[in-house]
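Keep in mind it's a predicted model, so treat the numbers as computed, not measured. Chain identifiers are assigned alphabetically (A, B, ...) following the order of the sequence lines, protein sequences preceding nucleic acid strands; residue numbering begins at 1 within each chain.
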Amino acid sequence: MPQFSMVIDLKNCIGCGSCVEACHQFNEVPPGSIWRRVFEKTEIDKGNLIRFFLSMSCMHCDDPPCVKVCPTKATNKSKFGIIDINEDLCIGCASCVLACPYNARSINNSVYLKNFVFLTNRTDACKKLGVASKCNFCKNIVENGLKRGLIPGNDLDATPMCVRSCIGGALSFGDLEDQNSYVSQVLNKNNSFSIMSELGTSPNVFYLPVL
Amino acid sequence: VTMRIVTILYPRKHLYWKWPALFHLICSGIGIGGYIFLNFTLNFLETIDFSDLTTLLLNLFLLALVCLGFVSLTIEAGRPKRTLFMYRGFFSSWISIETFFFMIFFASIILNEFIKSNLFSLIIIFNSSLFLIIQGLIFSSMLGIPNWCTKILPFFILSSGFTSGTGVTLILLTFLGYYFSLLTFFITIAIILVNAFIWIWYLIILNKGLVVGPTNSKKNTLLFIYTYIILFILLFASIFQFDFIAFLHINFINITIGLLILFISSFQKYFIIYKVSFLRDVTLSFYKK
């Protein structure tokens, strides 16, 4: 079974925020909800001042705490290893928001969405009212690409929007189970780390260190 | 190998699970704890003979409190009308299991009115205790909030439920004109002591790994100490029957004891929901050779 994952090279990230913009634009993320963020940090290493940027979203963990606490099974792990939310089942109880140690989830702002539906007559947006939302590795793009025989990560049409829009080439995406995929090769060749792996969540977003 | 930790996101307050969660904890604690105290201590240890109507009304009052607590939870949900979806997946999460135990609790209280058996009462008491523990497990499974994610929290919710149940039973039965034996008072003292012990244990755990200190911790600790001192003075006054403020045939000391017990358990829950519920800090750990 494929396990899609992301590798972020901190040395290449220039903090432009295009991944955030592309993600929020494509997925129509309402204000107040966060799918992807870029943090700026400055550290001193061996007397040198090092400034780096960290792009962060859902970690699509192997052992996801959000799935364990969902009372309606709305949050689920797909066969591709992507953690997704079924908006038709979510009751917006926010237990997944509190269970996620990465603060990668939020509850959609109902007031904004109601106005959005009223002004644009886009009734499909009603699905998002008051439910939890988070990064889903642009699941629709990936799944449609796979149906067309494309390889996510290699073919742009099957790759998440954040990876496509990254101008520094910091973000890469692919199947971790496929030894020939770009992400597998990058992880084999380089030292990598994942955020707060000591919690036992086994994240599927890996970082190549800058320090 | 050296490790270097860089903090990306500092601990911060969150927006969810505020007063509805507190209301749920307080109401279900009083309801379930009260039911246990009423059925165990007074059924098995006291010689008080309740009339059937009194027992029925008391049980229904406590059940109504638990139901009210459950309804309050739906207020905070983004899609309250979908709450019934929780019945889709029993045992998929602690919240679903709590819903299941709520149904059993509801059914067993109704059935207990028809099946007058000590064994059945014991089964209900065991089930109700599990119900309280599961409420604690909901909170302790929240990995994003380190101050909730402790193994002691389910036991605290259990002991706090017993404590608040004791308090409300004392108030209700005193108003109904019942007097208690020494044994009931000693059990009350034991319940309060166990609660205090678990609470202190929880605070010690918090102080060891606390990400952000609760505000006014010294003030809160002093408030607890003073309340406990007043409570124990009143308890001993009641045991030795210093009924110095009794008038209108109502034992005001017992009512004050009950109110103080309710205050302590409710404040503890307020402390957990509002004062220490900080989201986990997000850190990077760099390992260097």
With only heavy atoms counted, which part of [X] is less than 4.5 Å from chain B, the side chain, the backbone, both or neither?
X	result
A:Leu54	side chain
A:Thr201	side chain
A:Lys68	backbone

Original post:
Picking from B:Thr99, B:Ile145, B:Ile8, B:Ile97, which has the most non-hydrogen pairs under 4.5 angstrom with chain A?
Top reply: B:Ile8
**OP:** Considering only heavy atoms and a distance below 4.5 Å, find which of B:Ser96, B:Ser92, B:Pro80 pairs most often with chain A.
**Re:** B:Ser92
Original post:
Cation-pi between A:Lys139 and A:Phe80: NZ/CZ under 6.0 Å from ring centre and within 45° of the ring axis?
Top reply: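 No, A:Lys139 does not lie over the aromatic ring of A:Phe80.
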**OP:** Answer yes or no for A:Lys41 and A:Phe53: cation-pi contact, defined as NZ/CZ to six-membered ring centre under 6.0 Å and angle to ring axis within 45°.
**Re:** no
Closest-packed option against chain B by number of heavy-atom pairs under 4.5 Å, given [options]:
options	value
A:Leu199, A:Leu129, A:Ile195	A:Leu129
A:Ser106, A:Cys100, A:Ser95, A:Cys70	A:Ser95
A:Cys96, A:Ala94, A:Pro71, A:Ser197	A:Pro71
A:Cys66, A:Pro65, A:Cys90, A:Ala74	A:Cys90
A:Gly130, A:Gly92, A:Ala99	A:Ala99

Original post:
Any side-chain heavy atom of A:Lys134 sitting closer than 4.5 Å to one from A:Cys58?
Top reply: yes
**OP:** Could you check if a side-chain atom of A:Met196 sits within less than 4.5 angstrom of a side-chain atom of B:Arg280, using non-hydrogen atoms only?
**Re:**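 Heavy-atom side-chain distance check passes, below 4.5 Å.
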Subject >> Ring centers of B:Phe105, B:Phe102 separated by less than 6.0 Å >> reply: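 That pair fails the under 6.0 Å test.
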Subject >> Ring centres under 6.0 angstrom apart (A:Phe137, A:His60) >> reply: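 Yes, they do, as the ring centres are separated by less than 6.0 Å.
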Subject >> B:Ile138 portion near chain A, given a 4.5 angstrom heavy-atom threshold >> reply: neither
Original post:
According to the interplanar angle, ranging from 0 to 90°, do the rings of B:Trp148 and B:His14 count as parallel (below 30°), tilted (30 to 60°) or perpendicular (above 60°)?
Top reply: perpendicular
Original post:
How many angstroms lie between atom SG of A:Cys93 and atom CG of B:Leu73, to the nearest 0.5 angstrom?
Top reply: 9.5 Å
